[in-house]
Amino acid sequence: MFHIYCPYCEELREEEEFHPKGQAHIARPEEPDACSDEEWGDYLFFRDNPRGIHHEMWLHAVGCRKFFNITRNTVSYEILETYKMGEQPTVGAEHLAREEKTAREGKTDSVQVAEGGQQTVGASDAAQASVKGA
Amino acid sequence: MSNSVHVYDARADHATVNAQSPLAYSFQRSGMPAPGEEGRAVVGERAFLGHLILRGGAIVLDEALREVLGIGLPGRPNSLTVDADGQRSVQWLSPDEWLLIVPGDETFGLETRLRAHLGGSHVAIVDVSAGQTLIELTGEAAHGVLMKSTVYDVDPHAFTVGKGVTTIFAKTSVILRRPDESRWELIVRRSFADYVYRWLLDAGEEYGIGVARESRHESQ
Amino acid sequence: MSQSALQPNRLAQGGQIDRTHALTFTFNGRSYTGHPGDTLASALLANGVDLVNRSFKYSRPRGIVAAGAEEPNAVVQLGATEATQVPNVRATQQALYDGLVACSTNGWPDAQRDIMRWVGKLGSPFMPPGFYYKTFMAPASMWMTYEKYIRKTAGLGRSPTQPDPDIYDHMHRHCDLLVVGAGPAGLSAALAAARAGARVILADEQEAMGGSLLDTRETLDDQPAAQWLKTTLAALVEHDNVTLLPRTTAHGYHDHHFVTLHERRTEHLGDSAPSQAGHRQSRSRLHRVRAGQVILATGAHERPLVYANNDVPGNLLAGAVSTYIRRYGVVPGQKLVLSTSNDHAYRAALDWQEAGREVAAIVDARTAPEGDLVAQAKAAGIRVITGSAVIEAKGAQRVSAARVAAIDVDAFTVTGKVETLECDTIASSGGYSPVIHLASHTGARPVWSDDIIGFVPTTVAGVTATGGAHGVYPLGEVLADGVEAGVNAATALGFAATVNDADLPRVAPRHEGPACALFQVPHEKATLRAPKQFVDLQNDVTAGAIEVATLEGFESIEHVKRYTAMGFGTDQGKLGNINGMAVAARCLGQSIPETGTTVFRPNYTPVTFGAVVGRHCRELFDPERYTPMQAWHVAQGAEFEDVGQWKRPWYYPQKRRTSEGEGLETMAEAVARECRAVREGVGILDASTLGKIDIQGADAREFLGRIYTNKWQKLAPGRVRYGLMCGDDGMVMDDGTTSCLAENHFLMTTTTGNAAPVLEWLELWHQTEWPELEVYFNSVTDHWATMTVTGPEARKLLTELTDIDLDREAFKFMDWREGHVAGVPARVFRISFTGELAFEINVQAHYAMHVWEALFAHGDKYNLTPYGTETMHVLRAEKGFIIVGQDTDGSVTPEDLGMYWAIGYDKPFPWVGKRALTRSDTRREGRKHLVGLKPKDASVVLEEGAPIVFDPKHAIPMPMAGHVTSSYYSPTLESGFALAVVKGGHQRLGESVYLPMADGRVHEAEIVGTQFVDPKGERQHV
């Protein structure tokens, strides 16, 4: 049972109050009609399933009814941050990969860096940029 | 008042119309056990209050409320403000949503005055008075009853006076708040009210829970 | 004392029992006595009951081994009556009460004369590891037969066949610090954190708090430990920020410091929970605790040594012997041999001798034991045999002797001559295993420590093991460790706390010599030929079985465990797992850490289903949602249908007279009557359950255009429109009408079951994609009650009650008007789900019953007929109106439904679902289309869900062409009729399809349009 910090309620709340809504940062293409069938299919159906850092959208369903995002380690279930809709994560997959690399002396095979979902890669880039102080 | 929104007084004249509160059927079906002598846990319905949902920006709504009602929006999430005589309250529900509870016959007048004050602002006011009801829970065992019912921390030291949250209650949801030292208030959706009532009686049984006699559930 | 005759093993004094009161109890049909303070196990031992069970696989006699949660054998069935049966109770954890009735769990038909005994006698050749896999695999068809007997012989008790008279409940708790275990470490930690101001919960599974302090020989501040325990507990009670939960087992650690505790509230009082001041109280309670920090002070379990016939009754853990003597005043035998690998176990022999019974010898595997307890034993005149071990127990129903020999631990050989020592009890100790269960629930792997010869836990942040739970055993160090853990936790929580050594009680220093790592004891014969050496007593797994498993090629400890079933009992192998790993490591020629580790899953000890369910059962199982007219429906004798959590009237059976006398209408009769009333007169439906969403804002109209498939730009105030909603995959997800209340104000209705999901859907798009749109959504489902008055006479009836002009030109189809009905302010919507003239009246729910009853007061002369959901379904299906979720299933597009009129392809914004409607899959030929089906035989009502084929003569498997989605008998058509999805159906009107049924019949039906009644739609316009 997760204990989730709602960035709108500004406190930790029990998991029962929330609904998970899948991978975060999946933006709807601006011009759907300009998408190929394959691009539209990617948007509709394809999601990352990384072992490690995952940016997820959740809804505080029994609470403030706001959608927000969580950065979660899918191995340890640790929630590394929560942030409001429209904000970018500060913790990315590269971050964990670096940590694990240090910890395991070069063995990084246990951590995947999410790829495929264009938005996740974008989010991670942004995270890296923000870590660098950009 | 803007005519871009349909505002009308759907409250009937309680002198001529038989109104039934959300718990009317439950009182009839499950009974109203008398509270134990020590009154360790007592429930009661405060029926037919006016419940308005306010949506919009905090600044504009706060100003309008202060002007019209004399109390402002609570400054923090999950909290409420209550007016001097305890009859009117505003509770934070989400960053753009508040619950206003006032005596039932003030509801439409208040909505009208608020709308007049707010003019063309991007706000919404929705009357939900008949869609929910307020259940009061008092007595020293009240928080024991709540601990059996809700996942939220109801320790009186943690859930201080002036706090209010939307949370899980048994298998449904409630708005739970503590307007003063002696009272807890549960705001329950009408269709779930019977379930909540039966749950409360059951959870409170070991504390000798009973129903306050003055609970008013029918207008005639 | 007279009682000693009744209880031959009860000491005249000592222990924390109340000898002034006798409690009577029954075990396997025989009556015994015990005292308050006893467990069932201590009372059985006091009465000299050696045999408590037959073993699981070999049906060997078994006695009590331990004194706590780790007990593998004394698992009993409890309950004096059928309704109060509880299986799987550890006698060591069951407090004795007057009138307790228990019996052995295993040993069908009884523990003394067991028909499985031959198996035990004949022994392992008949039941090797993997026995069930090997023996019962073929023929597969016989498995059900085998299983029936295996289950019966292997049963671990039975559930009651009558309803449980007790109630169980849940309590949600929150604290800064949860301390699990109230032994010296847990008590110290809890008090230190409580003094710092933290909210503390201290839970302990035993009848009394104190853990090892309840039976220790050591002193604190020169007083018996019990004195310090009393003072400390009193100090904790003084703190109002401390909650003490005795008899409460922390059985699972879940994510983020969420721990579930099982509190046995009345299990020590009787068979069934006694009422308290006239009120029911729960028998047990599940606490769902969310803690800021968790301290695991769960102590350690002693490991037995694995030697031949170590399962014969009379073989006990050394620590259990001390516990029974010191805590319960029970000596479980006359003459003791102690076999040990460490100093600590010596106390069993000292306690035994002080209780006035004989110690034959202490057999110590170490060649030169040197600790203080060793010296004490020698000083007490106890014979200590060093460099040796008990290699075999003798005796059938009870130990009669111990065979002792010198051994070489490293070479795993017997090196000396065997000496046989007569005795009736063998106590053994192979060291201690920290209770790492909860720590391993966190997902962290324990690691092997050569220092303590055991696995020590690792944990996640915020969870700390202290004291014996991480391998710290000397009492003084345990107390200090506990304080440190408590202070650290409090500090991490933001409280000011420091360690003050002066607070620690003084412990007399005691030197302990190093232990040796001994698990399986060598025998003169090789393991596979020696008498059975049991590793897992509950699941009857022997050292030989593990050796066989390794010989057969199982190298992973996980595979060995599964192959031998080691650790798969209800005790989760608390005693056996480490020994089993040691045996596997020896066989594989590697170390224990190389062999693997052992982790545990929740639950630590079994939790009753009652506690898991709590009060979420029977009438409180799930919320029942009622409309404001519920009392009326009940009074009318309505049958109800569950729609989501709503109770909706399904139909209203009336009294009717037939040749068989008076009775109630059948459902078919009631539905036929209700249908005719609507088509010919006037009916009324309680439609309050429909989802209603109030939408306000300057961009409300734009939003509707984006979320619905059809157009909303021109809908004027006072008008209503049907809307169809798709996911972005183009599949229909909901439908309903939306009314324009004012330019920037709409009222959306949803299907009953989709009210919450649709509101969430609107919020999703608004919050994540189009936050710039000025619009707010609020649920008003419960605020407005809705009643549908429909039928040719609807206008006449309503005119009598309303000030609204109902003239067909003034108030057109798909208009709404504001006014009064029966004196109540109302919005009336002229929309129709029946195809007849219809008015949907919305009033505030407080007044719904008033209006409803007024309608009936005026409706008599029109024979106003209430109808339920079944009639609603028939009427709407006759008109071809779909039910989302019944006629659609998430793979149906608006085009598949033939609803081209509701698709605004030319709307400027790329609305939700639009792009997907031109994907290759949604454009392909042969998609299933919604059509009507008319059975050739009018009396046939097709089965909903029935598959449809084009060619009934096709060889099986036949290609499927679709299925029936809705099917009813129409009293209006006097025929069965159906809606169905059929491949290319829209191009196949007039063709026949076939429905082969399970019973061999094949129905033929004609594909027709979906509107069976009034296809031109004239009736709703009248």
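Each chain gets a letter, A, B and so on, in the order its sequence line appears, and its residues count up from 1.
- The choice from C:His170, C:Glu818, C:His287, C:Gln630 that makes the most heavy-atom pairs within less than 4.5 Å of chain B is C:Glu818.
- Interface check for chain C: of the options B:Val126, B:Asp194, B:Val154, B:Val123, the most heavy-atom pairs under 4.5 Å are formed by B:Val126.
- Interface remark: C:Val775 contributes backbone atoms only to the contact with chain B (heavy atom separation under 4.5 Å).
- Contact of C:Ser688 with chain B is not made at all, since no heavy-atom distance falls under 4.5 Å.
- Within the 4.5 angstrom heavy-atom criterion, only backbone atoms of C:Ala826 (N, CA, C, O) approach chain B.
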Step-by-step ring pair (Phe, Tyr, Trp, His ring centres under 6.0 Å) determination, C:His174 to B:Phe159: CA-CA 11 Å; C:His174 302 257; B:Phe159 202 120; over 10 Å; no
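- Heavy-atom pairs under 4.5 Å with chain C were tallied for B:Asp202, B:Val196, B:Thr172, B:Thr133; the largest tally goes to B:Asp202.
- When side chains are defined from C-beta on, C:Arg173 counts as touching B:Met147, because their heavy atoms get closer than 4.5 Å.
- Under the 3.5 Å distance criterion, the side-chain polar atoms of C:His745 are matched with a main-chain donor or acceptor of B:His6.
- In this structure, chain B has a heavy atom under 4.5 Å from the backbone of C:Phe777, while its side chain stays farther away.
- Residue contact with chain B, scored on non-hydrogen atoms closer than 4.5 Å, involves the backbone and the side chain of C:Phe621 alike.
- Of all non-hydrogen atoms in C:Tyr847 and B:Ala10, the two that sit nearest each other are CE1-O, 3.6 Å.
- Ranking C:Glu743, C:Gln696, C:Arg288, C:Gln645 against chain B, the residue ahead of the rest is C:Gln696, based on heavy-atom pairs under 4.5 Å.
- Checked against a 6.0 Å centroid threshold, the rings of C:Tyr776 and B:His122 count as neighbours.
- For B:Glu37, the CD atom counts as loosely surrounded, since its 6.0 Å shell holds 12 or fewer non-hydrogen atoms of other residues, nucleotides or ligands.
- Of the residues listed (B:Arg189, B:Gln132, B:Arg190), the one engaging C:Asp782 in a side chain to side chain donor-acceptor pair (under 3.5 Å) is B:Arg189, and it is the only one.
- Across all their heavy atoms, C:Ala631 and B:Gln28 have their closest contact at CB-OE1, 4.3 Å.
- The shortest side-chain heavy-atom distance between C:Asp694 and B:Arg55 does not fall under the 4.5 Å cut-off.
- Top candidate by heavy-atom pairs under 4.5 Å with chain B, chosen from C:Asn241, C:Leu620, C:Ile167, is C:Leu620.
- The shortest distance between side-chain heavy atoms of C:Asp622 and B:Lys171 falls below 4.5 Å.
- Counting heavy atoms from C-beta outward, C:Met629 and B:Tyr25 have side chains that stay 4.5 Å or more apart.
- Checked by atom type and distance alone, the side chain of C:His846 never pairs as donor or acceptor with a backbone atom of B:Arg11 at under 3.5 Å.
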Show your working on side-chain contact (heavy atoms from CB on, under 4.5 Å) between C:Val780 and B:Val128 and close with a plain yes or no. CA-CA 6 Å; C:Val780 288; B:Val128 294; 4.2 Å; yes
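- Taken to the nearest 0.5 Å, the NE2 atom of C:His172 stands 10.5 Å off from the CG atom of B:Leu146.
- Atom CG of C:Asn778 sits about 11.5 Å away from atom CG of B:Asp127, to the nearest 0.5 Å.
- Residue contact with chain C, scored on non-hydrogen atoms closer than 4.5 Å, involves the backbone of B:Ile125 exclusively.
- Using a 4.5 Å cut-off between heavy atoms, C:Arg290 makes no contact with chain B at all.
- With chain C as partner, the option from B:Gly131, B:Ser191, B:Ala193 having the largest number of non-hydrogen pairs under 4.5 angstrom is B:Ser191.
- Taking C:Pro623, C:Ala277, C:Ala845, C:Ala742 one by one and counting their heavy-atom pairs under 4.5 Å with chain B, the maximum is reached by C:Pro623.
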Does the pair C:Arg285 and B:Lys148 meet the rule for a side-chain contact (heavy atoms from CB on, under 4.5 Å), with working shown? CA-CA 10 Å; C:Arg285 176 170 284 171; B:Lys148 290 163 82 170; 3.8 Å; yes
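- No part of B:Asp13 comes within reach of chain C, as not one of its non-hydrogen atoms sits under 4.5 angstrom from that chain.
- Of the atoms belonging to C:Glu619, heavy atoms from both backbone and side chain fall under 4.5 Å from chain B.
- For the pair C:Glu624 and B:Tyr195, the minimum side-chain heavy-atom distance is 4.5 Å or more.
- Neither the backbone nor the side chain of C:Asp699 has a heavy atom closer than 4.5 Å to any heavy atom of chain B.
- The most heavy-atom pairs under 4.5 Å with chain C, out of B:Thr150, B:Asp9, B:Ile53, come from B:Thr150.
- Considering C:Val843, C:Val851, C:Val824 as possible partners of B:Val17, the one that fulfils the side chain to side chain contact (heavy atoms under 4.5 Å, CB included) test is C:Val824.
- Neither the backbone nor the side chain of C:Ala698 comes within contact range of chain B; no heavy atom of the residue lies under 4.5 Å from a heavy atom of that chain.
- Residues C:Arg615 and B:Glu205 are not paired through a salt bridge, judged by the lack of any N-O separation under 4.0 Å between the basic side chain and the carboxylate.
- Annotation: the span from B:Tyr207 atom OH to C:Gln281 atom CD amounts to 11.0 Å, rounded to 0.5 Å.
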Pair C:Arg199-B:Asp155, side-chain contact (heavy atoms from CB on, under 4.5 Å): steps then yes or no: CA-CA 10 Å; C:Arg199 274 166 83 191; B:Asp155 184 305; 3.2 Å; yes
